[in-house]
Protein chains: 2
Amino acid sequence: MSDLVTRLRRHNWRITPQRRVIAETLEGSHVHFTAEQVLERACERMPELSRATVYNTLNEMVALGEVIELSLEGRSKRYDPNADHDHHHLICEGCGLMKDVHAVADPVEWLPGDERHGFTITRASITYRGLCPDCQAAA
Amino acid sequence: MSDLVTRLRRHNWRITPQRRVIAETLEGSHVHFTAEQVLERACERMPELSRATVYNTLNEMVALGEVIELSLEGRSKRYDPNADHDHHHLICEGCGLMKDVHAVADPVEWLPGDERHGFTITRASITYRGLCPDCQAAA
DNA sequence: TCTCAGTTTAGACATAGTCTAAGTTAGGAT
DNA sequence: ATCCTAACTTAGACTATGTCTAAACTGAGA
């Protein structure tokens with residue numbers, strides 16, 4: 001069983017066949033899919049699945065805090081089933097490949113008080129950009 | 001004269017009236033506007049300015065490296081006329097207010113070699129999230 | 001003045017995402 | 001078991017954001 005499904009069930013969230021397929025699609029890859037990519041892959045297992053259900057379900061999983069929504073590149077959002085807020089993202093500027101990474105310091109501590117403009121800061125995420133090994137070889 | 005216009009001129013880029021209005025609109029605020037907001041404000045000074053010109057011009061300024069494109073929140077990109085890549089962003093989760101901030105360390109150094117997956121890393125940006133003073137008071 | 005590359009324009013088109021109204025499903029009450 | 005109800009799903013219309021195209025315009029140099 002998908003770990004994401006387990007986490008979702010803890011919220012007393014009804015696990016319908018559609019939601020299960022969507023959760024398992026999200027979790028079954030190292031890549032972070034867009035909603036359209038989730039729809040496409042989930043439809044291989046459940047062809048009658050509708051676009052609206054995919055969008056609704058992804059938004060609900062984000063609202064429950066079990067999936068992170070990423071607006072990093074291009075026009076569409078991507079969904080990360082790893083809800084651990086301490087990880088960051090590494091993006092290849094050549095091909096768009098995205099990896100989860102962990103940094104050794106908490107960025108919140110590196111923002112001086114006089115740069116906080118009176119905000120209370122709850123979290124921080126880092127986006128690293130560069131070239132993946134394949135794109136370096138191609139260059 | 002707008003500093004952004006000065007920087008753009010150095011690229012031998014023709015500064016037309018339309019481009020000047022767009023650049024000055026971008027730079028004349030502490031807020032980072034969406035393309036539609038730039039269009040709306042620029043049209044107050046030049047009503048016949050077209051949507052296509054705003055989008056083209058913003059994309060060209062990004063390509064020249066003099067404006068940074070931000071895909072952080074919501075559906076639309078925002079444009080930051082401060083091309084200094086060492087600054088980061090602080091976003092209020094209540095009202096969407098966005099501020100430029102500077103951290104005291106370079107986040108690239110916080111990513112250990114074994115978390116780099118063979119990438120060459122060229123830059124890193126941090127997105128801080130929290131509540132601005134007004135939204136704290138309202139809560 | 002003429003020419004031509006670069007620029008601007010209106011509007012068609014494309015893509016991403018949301019909403020609505022109707023139909024379906026599942027679980028509790030009877 | 002059957003009914004009732006709320007939650008869920010669906011197709012497709014709709015909205016928002018951004019890109020493209022073809023034609024018109026502009027201005028610097030021949």
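Naming convention: chains lettered A, B, ... in sequence-line order (proteins, then strands); numbering from 1 in each chain. Owing to the predicted nature of the structure, the values given are computational and were not obtained by experimental measurement.
Across all strands shown, Thr53(A) has heavy atoms under 4.0 Å from base atoms, whether or not it also approaches the sugar-phosphate.
OP1 or OP2 of dT9(C) sits under 4.0 Å from a side-chain N or O of Gln18(B). OP1 or OP2 of dT18(C) has not a single side-chain nitrogen or oxygen of Asn56(A) nearer than 4.0 Å.
The heavy-atom pair separating Thr25(B) from Val38(B) by the smallest distance is CG2-O, 4.0 Å.
Closest approach to the Leu49(B) side chain among dT17(D), dT7(C), dT9(C) is made by dT9(C) (side chain taken as heavy atoms from C-beta onward).
Rounded to a whole Å, the CD atom of Glu48(A) is 13 Å from the C1' atom of dT25(C). Atom pair Arg20(B):CZ and dT7(C):P shows a separation of 15 Å (rounding to whole Å applied). Whole-Å rounding puts the Lys77(A) NZ to dT15(C) P distance at 19 Å. Look at CE on Met61(B): it is 15 Å from C1' on dT7(C), rounded to the nearest Å. With rounding to whole Å, Glu60(B) atom CD is found 12 Å from dG6(C) atom P. As a whole-Å value, the separation of Arg14(A) CZ from dA6(D) C1' is 8 Å. In this structure, Arg19(A) places its CZ atom 11 Å from P of dT10(D), rounding to the nearest Å. To the nearest angstrom, C1' of dT9(C) lies 12 Å from CZ of Arg51(B).
Nearest-nucleotide positions on DNA chain C for Tyr55(A) and Ser50(B) put Ser50(B) closer to the 5' end. Remark on DNA chain C: of its neighbouring residues Arg75(B) and Thr16(B), the 5'-side contact belongs to Thr16(B), judged by nearest-heavy-atom nucleotide. Between Ala35(B) and Ala52(A), the residue whose closest nucleotide on DNA chain D is further toward the 5' end is Ala52(A).
In summary, the side chains of Glu60(A) and Tyr55(A) do not present any donor paired with an acceptor at a separation below 3.5 Å, with no hydrogens or angles considered.
With values rounded to the nearest 0.5 angstrom, Asp80(A) atom CG is found 3.5 Å from His32(A) atom NE2.
At a threshold of 4.0 Å, the pair Glu115(A)-Lys99(B) does not count as salt-bridged, since none of the basic side-chain nitrogens sits closer than that to a carboxylate oxygen. A salt bridge links Glu27(B) with Arg7(B): at least one charged nitrogen is closer than 4.0 Å to a carboxylate oxygen.
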